[in-house]
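The residues of the chain are indexed from 1 along the displayed sequence.
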Amino acid sequence: TEWRLPCSWTRTMKGSTPDPAVRVLLISSSEADATTLRRILSHTAWSLDVAGTLLEGLAKLEADPAPVVFCARRLPDGSWHDALAMTSKLDQQPTLIVASPNPDDKLWMEILDSGAYDLLGQPFKADEVFRIISLGWLHWKQQLRHNRRRHNVARVEKIEPPYTHAVGQ
């Protein structure tokens, strides 16, 4: 079966779909998750990088930031909570999406309240994967713009106008 982004999405999201070379990082020890995501993304220009542990994932993010990160609910060396805490310290914070075989409203609210982006149920469904990567990428891009604007405003506020020293003298 060939996976394609639905035509209605391409019309609706025209100009707001991820760049052709979006890198997605999966942090999961499940080879089945990696295989499924590779198959789903194989018909796109998006690339999938896989880390089997939280520490391996963090090392990959520090070396080459990814805008979207899928993280298994449970990892051999931690959990999605740990992934969120570690990625929030990065200069370029990725959009963190938690993957769980048992998604429910309580977990979804916990994830959102903690600052992660969203919850994705397993097994992965192509249309949901495309939707969440696209929206997660948009969120990441908006956060990047917001942070740049905030940084530029802070930098401008630190600049003292040249005439302030001459005033009153």
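Looking at Asp77, its side chain does come within 3.5 Å of a backbone N or O of Leu54 through a donor-acceptor pair.
The closest side-chain heavy-atom distance from Phe70 to Ile27 is not below 4.5 Å. Taking the side chain as every heavy atom from C-beta outward, Leu107 and Trp80 approach each other to under 4.5 Å. At a threshold of 4.5 Å between non-hydrogen side-chain atoms, the residues His81 and Arg73 do not count as touching. Taking 4.5 Å as the limit, some side-chain heavy atom of Leu26 sits within range of a side-chain heavy atom of Leu48. Between Cys71 and Ile97, the closest side-chain pair of non-hydrogen atoms is not below 4.5 Å.
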Checklist entry - What's the verdict on side chain to side chain contact (heavy atoms under 4.5 Å, CB included) for Asp104 and Lys106, showing C-alpha distance, side-chain angles and the deciding distance? => result CA-CA 6 Å; Asp104 59 32; Lys106 184 179 177 191; 3.7 Å; yes
Checklist entry - Where do Val50 and Glu56 land on the side chain to side chain contact (heavy atoms under 4.5 Å, CB included) test, with the steps shown first? => result CA-CA 9 Å; Val50 179; Glu56 181 185 353; over 6 Å; no
Item to check | Working for salt bridge (charged side-chain N to carboxylate O under 4.0 Å, His left out), residues Lys89 and Glu62 | outcome: CA-CA 10 Å; Lys89 295 175 185 172; Glu62 288 174 338; over 6 Å; no
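Val69 and Leu41 fall into different hydrophobic clusters, where Ile, Leu, Val, Met, Phe, Trp and Tyr side chains are chained together by heavy-atom contacts under 4.5 Å. Ile132 and Met109 are assigned to two separate hydrophobic clusters, defined by single-linkage of ILVMFWY side chains at heavy-atom distances under 4.5 Å. Connection of Leu61 to Met86 is established within a shared hydrophobic cluster, with ILVMFWY side chains joined at heavy-atom distances below 4.5 Å, either directly or through further cluster members.
Distance check: Gln92 CD to Asp64 CG gives 9.5 Å after rounding to the nearest 0.5 Å.
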For residues 113-123, which side-chain donor-acceptor pairs fall under 3.5 Å, sequence neighbours excluded?
unit_1: Ser114; atom_1: OG; unit_2: Glu110; atom_2: O; d: 2.8
unit_1: Tyr117; atom_1: OH; unit_2: Leu135; atom_2: O; d: 3.4
unit_1: Asp118; atom_1: OD1; unit_2: Trp108; atom_2: NE1; d: 3.0
unit_1: Gln122; atom_1: OE1; unit_2: Ser100; atom_2: N; d: 3.4
unit_1: Gln122; atom_1: NE2; unit_2: Asp33; atom_2: OD1; d: 3.1
unit_1: Gln122; atom_1: NE2; unit_2: Asp33; atom_2: OD2; d: 2.8

